Amino acid sequence: MNTTQEAQEPLTLSSQEAAAMIPMGINQFRTAVKQGEIPSVRLGTKIRIPRERFLAFINGEGES
């Protein structure tokens, strides 16, 4: 990814955007977020998925 493309990418994803990237329904995705299985942050009343952490998660990076 180049710097120009990185600047255009949002730092976070909505649950719907992130769930669309993997074969998982939105309700199952939200449950996984609530259980801490998927990295997330709360911004006010919204749950956002940090893009870089989520991409690392779905690529199997950083698993313990």
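All of these numbers come straight from a predicted model, not from anything done at the bench.
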Legend entry - Verify same cluster id: Ile22, Val33 (apolar side-chain graph, 4.5 Å): yes
Inset, instruction - Look at the side chain of Glu17 and the backbone N and O of Ser14, then say whether any donor-acceptor pair between them is shorter than 3.5 Å. - result: yes
Legend entry - Ile47 CD1 to Thr12 OG1 distance, which is reported to the nearest 0.5 Å: 11.5 Å
Inset, instruction - Walk me through it: do Phe29 and Ile49 pass the test side chain to side chain contact (heavy atoms under 4.5 Å, CB included)? - result: CA-CA 11 Å; Phe29 186 88; Ile49 313 303; 4.1 Å; yes
Legend entry - Pairwise distance CZ(Phe54) to CG(Leu13) - rounded to 0.5 angstrom: 7.0 Å
Inset, instruction - Any chance you could lay out the side chain to side chain contact (heavy atoms under 4.5 Å, CB included) test for Met21 and Leu55, step after step, and finish with the verdict? - result: CA-CA 9 Å; Met21 296 173 73; Leu55 292 175; 3.5 Å; yes
Legend entry - Glu52 side chain reached by Leu11 side chain, heavy atoms, under 4.5 Å: no
Legend entry - Gap separating the OG atom of Ser15 from the CE atom of Met24, nearest 0.5 angstrom: 11.5 Å
Legend entry - Check: Arg53 side chain, Ser40 main-chain N or O, donor-acceptor pair, under 3.5 Å: no
Legend entry - Shortest non-hydrogen contact between Pro50 and Pro39, atoms and distance: CD-O, 3.7 Å
Inset, instruction - Could you tell me whether the side chain of Arg30 reaches within less than 4.5 Å of the side chain of Ile26, counting heavy atoms only? - result: yes
